[in-house]
Number of protein chains: 4
Amino acid sequence: MNTFGRSFRITTFGESHGKALGVVIDGCPPGMPLAEGDIQPFLDRRRPGKSPLSSPRKEPDRVEILSGVFRGKTTGSPLALVVVNRDSREEDYDELEAVFRPGHADFSWQAKYGIRDHRGGGRSSGRETVARVAAGAVAAKFLAERGIGVTSRILEIHGVRDPDGMTAEIEKARDEGDSVGGIAEVRVTGCPPGLGDPVFSKLGALLAHALMGIGAVKGVEIGDGFAAARMKGSTHNDAMTAEGFATNHAGGILGGISTGQEIVARIAVKPTSSIGKPQRTVDRDGKEVSISIRGRHDPCIVPRILPVAEAMVALVIADAFLEQAKYGNLPRELPGSGR
Amino acid sequence: MNTFGRSFRITTFGESHGKALGVVIDGCPPGMPLAEGDIQPFLDRRRPGKSPLSSPRKEPDRVEILSGVFRGKTTGSPLALVVVNRDSREEDYDELEAVFRPGHADFSWQAKYGIRDHRGGGRSSGRETVARVAAGAVAAKFLAERGIGVTSRILEIHGVRDPDGMTAEIEKARDEGDSVGGIAEVRVTGCPPGLGDPVFSKLGALLAHALMGIGAVKGVEIGDGFAAARMKGSTHNDAMTAEGFATNHAGGILGGISTGQEIVARIAVKPTSSIGKPQRTVDRDGKEVSISIRGRHDPCIVPRILPVAEAMVALVIADAFLEQAKYGNLPRELPGSGR
Amino acid sequence: MNTFGRSFRITTFGESHGKALGVVIDGCPPGMPLAEGDIQPFLDRRRPGKSPLSSPRKEPDRVEILSGVFRGKTTGSPLALVVVNRDSREEDYDELEAVFRPGHADFSWQAKYGIRDHRGGGRSSGRETVARVAAGAVAAKFLAERGIGVTSRILEIHGVRDPDGMTAEIEKARDEGDSVGGIAEVRVTGCPPGLGDPVFSKLGALLAHALMGIGAVKGVEIGDGFAAARMKGSTHNDAMTAEGFATNHAGGILGGISTGQEIVARIAVKPTSSIGKPQRTVDRDGKEVSISIRGRHDPCIVPRILPVAEAMVALVIADAFLEQAKYGNLPRELPGSGR
Amino acid sequence: MNTFGRSFRITTFGESHGKALGVVIDGCPPGMPLAEGDIQPFLDRRRPGKSPLSSPRKEPDRVEILSGVFRGKTTGSPLALVVVNRDSREEDYDELEAVFRPGHADFSWQAKYGIRDHRGGGRSSGRETVARVAAGAVAAKFLAERGIGVTSRILEIHGVRDPDGMTAEIEKARDEGDSVGGIAEVRVTGCPPGLGDPVFSKLGALLAHALMGIGAVKGVEIGDGFAAARMKGSTHNDAMTAEGFATNHAGGILGGISTGQEIVARIAVKPTSSIGKPQRTVDRDGKEVSISIRGRHDPCIVPRILPVAEAMVALVIADAFLEQAKYGNLPRELPGSGR
C-alpha cells in the first residue's frame, strides 16, 4: 500500500497530472518547530530545470502544511503536506494512452489494476517522489535536532567517476536521444548505536526496502556491499580498539543494528526509461509499434534522485529512532564505541 | 520486530542455544495438503555437515507441526512449526561472553538491548534461519500449487566464477583460518504479472527487504542491478513484441510490479565473520584483546544461504500473491505478455 | 495512530480550526465509479444546523477528491479527500486555552502531548469525524455495489424511546443549559457469511473498536448485547432450520465470523460534554475555576453521530470483505444458511 | 489474523485438540526477570475444575518458555510460550463433525474456511484463551513493575447481583441442562495519564477490541457506559479540583486518552452455547436435526472469563504504555491530576 514506516509513518497520494500530491506524516513527536520554510528547500533541490542537464519543465512545487502544526510547532497530530499540481498539459500524453512504453510501469500497471492513468505516468511517475521529499524534510529536521545528518553524492554516471566526465556522459546521451544511469551514495552521520531490529527489520533491510522502493533503483548495497563478496573475513571484519572501530567495511551496521559509525548505502540507478530514440513495443491490442518518447525528460535521473534517496533514508532512521526510544533510551555509554 | 509479511505472515522465535526455534505462519489459505514431510527436505538442505566444506556440527533439525493442520490439510488457522535444539554445548561459548567478536552483532546488540545471550550468537546466530526455511517451505508449496517455482544458485565465490575454482577458494580460506564471501542468484519462474505495489512496496523493494534481512547479505540487485547503472536506456529498456518481452534486463519487475517474466535477484554475501585467525577487538570493559574464533564454522556461508534466500523470496511472492488476490483475480489476458 | 483498517485502510488528518480536514483511502479497488457527488450527501447528513435542535454553526463542508480517480473511476491508487475549513472564529476559544473543560480531552491531551491546539478542541473535536464520514461514503459505495447496506437509527434519548419524547428531552436539556445522551443502532444488511477473523479480529471486535473510537461513545453491544447476560443459553442460542436461522440473538456474528444474517450493533452515547451550566474545573496552574461553555453546541449529539457510526461500520465491513476476498471468494452455498 | 498489539505484540496458535497451544510475545522489553513460575498461576486461575460449578475436565496446562529468556531475564527477543495439550479424547466429538451447534462458530467457520477442525471447537474453542492468559501474565508482570495493576470481578450472573444468588443461578442452570450469562468488570489501577491515541486507537476502543475479541462477550462499556446514555452532561462530566478529578464517570479515559484515574471496563457475557437441552439445528446437508451437547461444559463461563479479560486488558495497557514511551516519557507533573 502507500504507507511506509512504523513509528514515523507516512502515507502518500497523488498522480503526476492529478490535482495535487501529498503526504500524511503520522508519529512526528509533538513540540518540534515546523513551517513550510523547513520543507520548501528540499522540494526545490528535487525540482527539475535547475541545471541545463535536467528537464526544463516548470514545477513550482509549493508545499502547504494543512494540519498538525499549531503556533509554529508540531502537536503530535498528523501532518498533512500538499503540493498542488500546475501546468499539467494533459494533451501531451494522448498518444501514450494506447501503448506500453518500454522500461515503464505501463504494462505491469495494466496487468495489476486493469485501469491506468496514463498522463505522465500517473502515480507511477517520478513526480510521486515530491511527497516523499516533503516527508523526508520533516524527518531530516527531527534527526538534525538529535545531531543526525543525512547526505548524498553521485559516485559515477555511466561508469564514469570523474565529475567532468559525468557531465559529458549526460550531454552525450541527451544529444543521442538516449539516457544513462549511475551510482549514488547516501551517508548518515551521528547515528547512535542500537537502531534497527536484529531479524527481518535489520537496519540494512529497512534501508534496502526504502531505497529499492524508489523508481529506477535496481540495486542497493550497505558498506562494502558487492565488493565484500570478493573479500576475506580477515580483511572485511572491522577490528575494534579502545578508540572504537578501526575501519567501517560494515557500513555502520552489524547484525542489523547500528554501531554508532557512519552508515553508508549505495544505489544503482538505471538509465531513464523515457528516451527519444525509437523503440519497439506493443499497443493495447498487442500490435507491434515503434515509439519515440517526446517531451521533457532527464537524460539521467541520478542528480534528481539524491534528495529522494536522502528522504527515504531520513525516514528510515527517524522511524528506527522512535522504535528504539520505546526501550529506554539511546544512547548508553559503550566500551569501545568511541562515543 | 520478528514478523514478516502482510497476508502470508510469519513470526519467528528462538536462539541458537535455546530450547527451540520456531515460526508461526498466519494467512496460509485453508485446504492445502501439508505435513512435516513437505518441510523437512528444506531444512535438510540448510543443514550443516553435508559437505566437507561446511561445518561438521550435528543438527538433526526435526520439524514438528504443532497447529493449523487437520487431517493432513491446512485449516486457515496459524501453523506453528517448531524445531527443538539439541547438542547445545554451552560451555563452548564461555570465553565469548565478555568480548565483542569482530563482524558479529555482539557490540551492536549490547548497545540495543543492554543484555545478550552470547551462546553461539543467541538470536543473532545464523541458526535463526531454521525458522525462515521452515516457513519458506510452506510458502514454496503454496506457490508450487500455482505453478510458481523458486530456485537459486551460486554465481561466484571470492570473485571466482568457475565451480572447481570456487571449491578451491573455500578450501584455501579454511586452511588459512580465514573465510570468503560470494554472490548468489534467486529466480522465480511462473510468476503472474501484477504482483507488487507501485510505490513503497514495489516487488523489488520487498525482495530487497527480505534478502537484506538475511545475516551476511550486504547487497541486493534486481535484474541487471548495478550493471544497469553503466548502461544506456536504449540497451536497458526491454522491448515488447507480439510474443512478449524481447529481453529481461528489468528482472521481471517494472514500476515495482511483476511483468510475468522470470524474476531475477542477486545477493552479495560477506565472508563469514567467525575466523580462526587472530583479530583485534575489545572486551566489555573496553580493554583491547586478541581473539581467535575456535570451533565449527563454515569458511564460506554462501552454499548454506541458498535455501534461506529461496525461503525469503518464496515468502515475499506468496504474500504478494495473496495481497493481489483481494482484487480479483490473477491473471488476466494481456496483450504482448506472451502468456 | 491515525490509520484504521487493513485492506480498506484510511488515514485521517486535520483539526477543528486548522486549514482543512482530510482522509487518504488506500485499498479501494480499481474500476469503481466515484465522484464528489457520491460523498457530499453523507457530509451533508453529518452537517450541523439541519434541525432546530442541532447547533446553528455554518459548515459548508465541500469535499474535494485530490487523487485516485481517473475519468470518473477509481484507479487503485490512494484516494485523497479534503474538506477545507471555513468560518473558523479562533477568538471564540481564547478563554479555553488555559482551562481544562470537564468531559473533554483537554486534560488528557495535555498529559499526552504537552502541547494542545485548544481551538474548538483541535483534533479532539467532533469535527474530526468529517474525514471519517467522507471515507465511509466511499466504503458504502463499495458495499452497495455488492448488495450490502448500512443503516442506523436512534433507539432512545435520555432513556426515552418515544420519538416525540426524545425531541422534548433534547429541548429541555437545551433550555437548561445542559445536555443528554442516548442509544443508537447500526444494522448491516446483505452481508455474506464468512467475514471477520476468529480470534482477535472477530467481526464484533472490529466493530467495537470502530464504534468505541467515536468520541462520546461509551458502550458497544452486538446482537442482544448486555441483555444476553441476563438470558439462558436455551433462549439465546439461535436455532437453525432448513430455511436458515430461526432467530438472530447473536446479531449476525458467531465465533467472530458473519453468519449471513443482519448484523446488529448498538452504541451508548454520553451527553455532550460542552454545556452552558457552570462547572467546576482547574486551569493550567491547578487553580480551581468555574466554567460555562458558551457558543454553538448540540445539546444532544446522538442524531449527528448516526452518519459517523454508519461510516465506521461501512469501513469495517468493506475491510473484512477484502480481507476475506484473498481466500477465494465469497459466498459459497451453505446448507441452512437461507441464502 | 492471529496477532494483537503494536509495540507489545502477541501472536497465538493452537487448537483445542491439537498438539499444543502457544503464543509468541514480541516487544517485551529486555532485562525483565521472567520464569515459568510467573505465568503458571495465571493459567491455574483459568483452569477448569477448580469449583464444583465449572467443568470437571482435567487440563494440567503446564507452560514452557521456549525462547527469549537468558539467565532468568528477558532479552528483548521474542518469548515463545507453549502449553502441550493432554487428554484429548477426540472420539467425544465425532458426532459433532456433521452438525452445526447452535450458538457456536461451526456454521460461520465452515462458511469462511470451507474446512473445520471440529474437535472440541478446534481453534474456536475457549481453550484458545490459554495462550492469551499466558501472554497476559507477562504483560501483567511488565505493568506490575511500573505500579500498574489489573483486577476483575463478577458483577452479576443471570441478572442476580448477590453472590449467593449467583451460585444458585448457575447450579439451577446446570441442573436444567441449560446455561446462564453474566456481567464482569475489569479495573486498572496506577495507570499514568497519557496512554491511548486520540482518534481510532482511543484507549477505550483498544479495550473494546480486546474484550469483544473474547468468545462469548457481546457487549463492552467504559466508565458509566450504557448508563451514561441516560444521564445529563451536568451529572456525567467529571469535575476537576485542585486535588484531581472529583468523580470518575468517564472510567479513566477522556478523549481516548487515560486521565490517571482508575480505568473501568465492563463486559456482557452470553450464556454458554453448549447445553444439554435438546436444540434444533441442521447438519452439513441442510437436514434438520435435534442436538443435545453432552460432556463437560461450564453452565456459566463468567468465572473463567475473568483471567482472560484481565489478560486482554493487561496486553492493551502494556502496549499503550510502550507506544507512549516513544515520546518521552511518562508521567509528567500535571496540574489538577492529583498525582
Side-chain angles (χ1 to χ4, degrees), chain C residues 2 4 102-103 105 108 111-112 124 159 178-183 193-194 198-200 202 204-205 208-209 212-213 218-223 225-226 228-234 236-237 239-240 242 254-255 257 259 268-273 275 277 280-282 284-286 288 334-336, chain D residues 2 4 102-103 105 108 111-112 124 159 178-183 193-194 198-200 202 204-205 208-209 212-213 218-223 225-226 228-234 236-237 239-240 242 254-255 257 259 268-273 275 277 280-282 284-286 288 334-336:
Chain C
N2 296 278
F4 186 77
S108 55
K112 184 174 190 68
S124 76
D178 212 330
S179 64
V180 287
I183 297 174
V199 182
F200 301 114
K202 286 182 164 71
H209 186 146
M212 200 76 100
K218 299 298 284 185
V220 176
E221 53 182 20
I222 303 292
F226 276 85
R230 288 147 194 161
M231 292 165 76
K232 291 196 172 179
S234 56
H236 184 266
N237 283 350
M240 298 188 75
L254 280 174
I257 303 166
T259 61
V269 182
K270 73 173 183 179
T272 316
S273 299
I275 57 174
K277 277 195 174 171
R280 278 196 307 158
T281 190
V282 295
R284 281 189 305 201
D285 303 317
E288 298 196 0
L334 279 162
Chain D
N2 297 278
F4 185 77
S108 54
K112 183 173 191 68
S124 76
D178 212 330
S179 64
V180 286
I183 297 174
V199 180
F200 301 114
K202 286 182 165 70
H209 186 146
M212 200 77 101
K218 299 299 283 185
V220 177
E221 54 183 18
I222 303 292
F226 276 86
R230 286 146 195 163
M231 292 164 78
K232 292 197 172 178
S234 54
H236 185 266
N237 284 350
M240 297 188 76
L254 281 174
I257 301 167
T259 62
V269 181
K270 72 174 184 179
T272 316
S273 298
I275 57 175
K277 276 194 176 173
R280 281 196 305 159
T281 189
V282 295
R284 283 190 303 202
D285 303 317
E288 298 194 1
L334 277 163

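Every chain is numbered from 1, with letters handed out A, B, ... down the list of sequences. Keep in mind that the numbers below use all heavy atoms, side chains included, and drop hydrogens, waters and symmetry copies. Quantities reported herein were computed from a predicted structural model and do not represent experimental measurements.
Contact annotation for I222(C): both backbone and side-chain heavy atoms come within less than 4.5 Å of a heavy atom of chain D. Residue contact with chain D, scored on non-hydrogen atoms closer than 4.5 Å, involves the side chain of D178(C) exclusively.
H209(C) is linked by a ring pair (Phe, Tyr, Trp, His ring centres under 6.0 Å) to F4(C), H209(D), counting only residues two or more places apart in sequence or in another chain. Shown here are the side chain to side chain donor-acceptor pair (under 3.5 Å) partners of S273(C), two or more places apart in sequence or in another chain: K270(C).
Between the K232(C) side chain and the V180(D) main chain, no donor and acceptor come within less than 3.5 Å of each other. Side-chain N or O atoms of S108(D) include one that pairs as donor or acceptor with a backbone N or O of L254(C) at under 3.5 Å. No side-chain donor-acceptor contact under 3.5 Å links K218(D) to the backbone of G225(C). Put simply, the side chain of S124(D) never gets that close to the backbone of G255(C): no donor and acceptor are under 3.5 Å apart.
For the set G204(C), A229(C), A208(C), S234(C), the count of heavy-atom pairs under 4.5 angstrom toward chain D peaks at A229(C). Highest contact tally toward chain D, considering only G223(C), G159(C), G182(C), is held by G182(C) [criterion: heavy-atom pairs under 4.5 Å]. Among the candidates A205(D), S179(D), P102(D), the residue making the largest number of heavy-atom pairs closer than 4.5 Å to chain C is A205(D).
Looking at I183(D) and R230(C), their side chains come closer than 4.5 Å, going by heavy atoms from C-beta outward. Within the 4.5 Å cutoff, the side chain of V199(D) has heavy atoms near those of the N2(C) side chain.
For P271(D) against H236(C), the heavy-atom pair with the smallest separation is CG-CB, 3.8 Å.
Summarising the geometry, atom CD belonging to E221(D) is positioned 8.0 Å from atom CE belonging to M212(C); distances are rounded to the nearest 0.5 Å.
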